[in-house]
Trainee: 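Sharing a structure here in structure tokens format.
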Protein chains: 2
Amino acid sequence: MNAVSDHTGASPRLDEPPFIVPLCAVFRKHLKADGQKFTAERARVLDTVIRMERVFEAEDLLDELRRRRMRVSKATIYRTLKLLQDAGIIEPVLFDQKQTHYQLAYGQPPRDQMICVETGRVIEITVPEIIDVRDRIAARHGWSPVGHRLQIFAVSPEAADEPSEEG
Amino acid sequence: MNAVSDHTGASPRLDEPPFIVPLCAVFRKHLKADGQKFTAERARVLDTVIRMERVFEAEDLLDELRRRRMRVSKATIYRTLKLLQDAGIIEPVLFDQKQTHYQLAYGQPPRDQMICVETGRVIEITVPEIIDVRDRIAARHGWSPVGHRLQIFAVSPEAADEPSEEG
DNA sequence: CTTGGTGCAAACATTTTGCAGCACA
DNA sequence: TGTGCTGCAAAATGTTTGCACCAAG
């Protein structure tokens, strides 16, 4: 079973994203507010996270850090992922897999996904209409909306063309 | 952290749902098609799943089966959950937790959720508009939609009333 | 009767934690 | 200079699997 696999093993960005500086500041600020420290290890993890092109998991970070000759222990990676999530810099993306997958969240519009049920290919989509729908639903129940997550399951054109494997 | 906790430990239904018979038939048929057997243990698990009022996890089933004096091993529960998912009778619901949560899927309209970010309360919602949105998005990319999943994060009225715990 | 199912316990994969020494603010 | 951080390895958690016996079809 590898329904959702082509997005894992995320490859690093080649260009320097412009938000690296503010993100670093955001993280420092968040840490300071909690009496926590901005260490070299945390900087390395943040920097590597920012370079991740797609959804990634703890193991991907470990690999990428190793590739960049930056040593950070597995325990610290897990601990830092949690801090980055608290700071709103990354957010978990939920798949039917046991490892937690993350994506950059800071300054991004809500990133929804469309997943091919045949090939497992995942593409990111933006669905502005959703905001409206969600606000309406929340209002109807008397709740105050703060966010959402949408996954669309579909068959991609590549998969539709190919003769199905099972039958 | 127990952001999503009040929906776990699902309590059993008291009334006999009308779809118990067709569901049983669906499961038998699915099993037979694969040369698999409909055993007493599988019947017990299906019956208990049907009685689950809400989203549940493997452990909830184990508890409920024990409460009903029906002995099924943990291994068999996990194996049966997978079969029920194959048969389209249940489907995984994704939360930010490591255990897999399931809900009845057969014959149900798509069941989406609204989750209180303060209390963790989860309510099920039906958002008919989503179907439209999803079909449009898929069409725009040339994909054929087959399903979706939506979670709305919001603050419930109870939580909004109470003074926040953290400053 | 044959093939697949069950329970058990051990194996597994991922994530968390205790602890001793280290480093940032 | 003190509190928080790190790495390590061990623990914890949730799920899967090998195997000997059992039962559905």
Side-chain angles (χ1 to χ4, degrees), chain A residues 1-2 4-5 8-9 24-25 27-46 48 55-63 65-66 70-87 90 92-102, chain B residues 1-5 8-9 24 27-46 48 55-63 65-66 70-87 90 92-102:
Chain A
M1 202 267 280
N2 57 352
V4 188
S5 58
T8 57
C24 189
F27 194 31
R28 294 186 98 112
K29 192 177 141 198
H30 178 86
L31 290 171
K32 179 168 281 179
D34 267 28
Q36 292 172 302
K37 292 167 184 172
F38 184 75
T39 64
E41 287 82 359
R42 288 173 183 180
R44 283 178 216 147
V45 173
L46 173 58
T48 306
V55 167
F56 61 90
E57 55 193 86
E59 200 62 26
D60 296 328
L61 273 187
L62 198 58
D63 289 350
L65 281 160
R66 204 171 293 149
M70 293 170 149
R71 194 155 298 157
V72 180
S73 75
K74 187 173 287 195
T76 294
I77 288 178
Y78 278 105
R79 289 188 275 233
T80 306
L81 282 172
K82 206 151 285 178
L83 293 172
L84 288 169
Q85 194 182 337
D86 289 348
I90 61 176
V93 189
L94 304 178
F95 291 111
D96 296 338
Q97 289 179 280
K98 71 175 91 174
Q99 320 92 294
T100 305
H101 289 77
Y102 294 95
Chain B
M1 202 269 278
N2 58 352
V4 188
S5 58
T8 58
C24 189
F27 195 30
R28 293 185 99 111
K29 193 177 139 197
H30 178 85
L31 289 172
K32 179 168 281 179
D34 266 28
Q36 291 173 303
K37 293 167 183 171
F38 184 75
T39 64
E41 287 81 0
R42 288 174 184 179
R44 283 178 217 146
V45 172
L46 173 58
T48 307
V55 167
F56 61 90
E57 56 192 84
E59 200 63 27
D60 296 328
L61 273 187
L62 198 58
D63 288 350
L65 281 160
R66 204 170 294 149
M70 293 170 150
R71 192 153 300 152
V72 180
S73 74
K74 187 174 285 195
T76 293
I77 288 179
Y78 278 106
R79 290 189 273 232
T80 305
L81 283 172
K82 206 153 285 178
L83 294 172
L84 288 169
Q85 194 183 336
D86 288 349
I90 60 174
V93 189
L94 305 179
F95 291 110
D96 296 338
Q97 290 178 281
K98 70 174 91 173
Q99 321 92 294
T100 306
H101 289 76
Y102 294 94

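Naming: A, B, ... by sequence-line order, numbering from 1 per chain. Quick caveat, the model's predicted, so the values are computed rather than measured.
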Trainee: Go through the structure and list residues passing side chain to side chain contact (heavy atoms under 4.5 Å, CB included) with Lys82(A), not counting sequence neighbours.
Mentor: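 Checked Lys82(A) against side chain to side chain contact (heavy atoms under 4.5 Å, CB included); zero matches.
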Trainee: Please write out the pairs of protein N or O atoms and N or O atoms of nucleotides 4-10 of chain D separated by less than 3.5 Å, giving the distance to one decimal.
Mentor:
from   : atom 1 : to       : atom 2 : distance (Å)
dC5(D) : OP1    : Lys37(A) : N      : 3.2
dC5(D) : OP1    : Arg42(A) : NH1    : 2.7
dC5(D) : OP1    : Arg42(A) : NH2    : 3.2
dT6(D) : OP1    : Thr39(A) : OG1    : 2.8
dG7(D) : OP1    : Ser73(A) : N      : 3.3
dG7(D) : OP2    : Ser73(A) : N      : 2.9
dG7(D) : OP2    : Ser73(A) : OG     : 2.6
dG7(D) : OP2    : Thr76(A) : OG1    : 2.6
dG7(D) : N7     : Arg79(A) : NH2    : 2.9
dG7(D) : O6     : Arg79(A) : NH2    : 3.4

Trainee: Rounded to whole Å, how long is the line connecting atom CG of Leu62(B) with atom P of dC8(C)?
Mentor: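 About 11 Å, once rounded to whole Å.
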Trainee: Would you say Thr100(A) reaches dT14(C)'s phosphate, i.e. side-chain N/O to OP1/OP2 under 4.0 Å?
Mentor: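 For Thr100(A), the contact criterion (side-chain N or O under 4.0 Å from OP1 or OP2 of dT14(C)) is not met.
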Trainee: Can you tell if the side chain of Phe56(A) reaches within under 4.5 Å of the side chain of Asp63(A), non-hydrogen atoms only?
Mentor: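 Phe56(A) vs Asp63(A): side chains apart.
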Trainee: Take atom CZ of Arg66(B) and atom C1' of dG7(C), then tell me their distance rounded to the nearest Å.
Mentor: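 Between C1' of dG7(C) and CZ of Arg66(B): 14 Å.
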Trainee: Can you tell if the side chain of Leu65(B) reaches within under 4.5 Å of the side chain of Ile77(B), non-hydrogen atoms only?
Mentor: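 Result yes, sub-4.5 Å side-chain heavy-atom pair found.
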Trainee: In this structure, how many angstroms lie between the P atom of dG5(C) and the CZ atom of Phe27(B), rounded?
Mentor: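 Nearest whole value for this atom pair: 10 Å.
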Trainee: Let me know the distance between CD of Glu59(A) and P of dA13(C), rounded to the nearest Å.
Mentor: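 Going from Glu59(A) (CD) to dA13(C) (P), I get 11 Å.
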Trainee: To the nearest angstrom, how far is Asp60(A) atom CG from dT14(C) atom P?
Mentor: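 Taking CG of Asp60(A) and P of dT14(C), I get 11 Å after rounding.
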Trainee: Is the closest side-chain heavy-atom distance between Arg66(B) and Leu62(B) below 4.5 Å?
Mentor: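 They are in side-chain contact.
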Trainee: With a 4.0 Å cutoff (strictly under), does any side-chain N or O of Tyr78(B) reach OP1 or OP2 of dT15(D)?
Mentor: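 Checking Tyr78(B) against dT15(D): at least one side-chain N or O falls below 4.0 Å of OP1 or OP2.
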Trainee: Has Lys82(B) got a side-chain N or O lying under 4.0 Å from the OP1 or OP2 atom of dT15(D)?
Mentor: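 False: Lys82(B) side-chain N/O out of range (4.0 Å or more) of dT15(D) OP1/OP2.
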Trainee: Rounded to whole angstroms, how far apart are NZ on Lys98(B) and C1' on dT17(C)?
Mentor: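 Going from Lys98(B) (NZ) to dT17(C) (C1'), I get 11 Å.
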Trainee: Using whole Å, report how far CD of Gln85(A) lies from C1' of dT16(C).
Mentor: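 Answer to the nearest Å: 15 Å.
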Trainee: Would a 4.5 Å heavy-atom cut-off, applied to side chains only, mark Arg71(A) and Glu41(A) as touching?
Mentor: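 Side-chain contact under 4.5 Å: no.
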Trainee: Only counting residues at least two apart or in another chain, list the ones meeting side chain to side chain contact (heavy atoms under 4.5 Å, CB included) with Arg42(A).
Mentor: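 If we apply the side chain to side chain contact (heavy atoms under 4.5 Å, CB included) test to Arg42(A), skipping adjacent residues, the hits are Phe27(A), Leu31(A), Gln36(A), Thr39(A), Thr80(A), Leu83(A).
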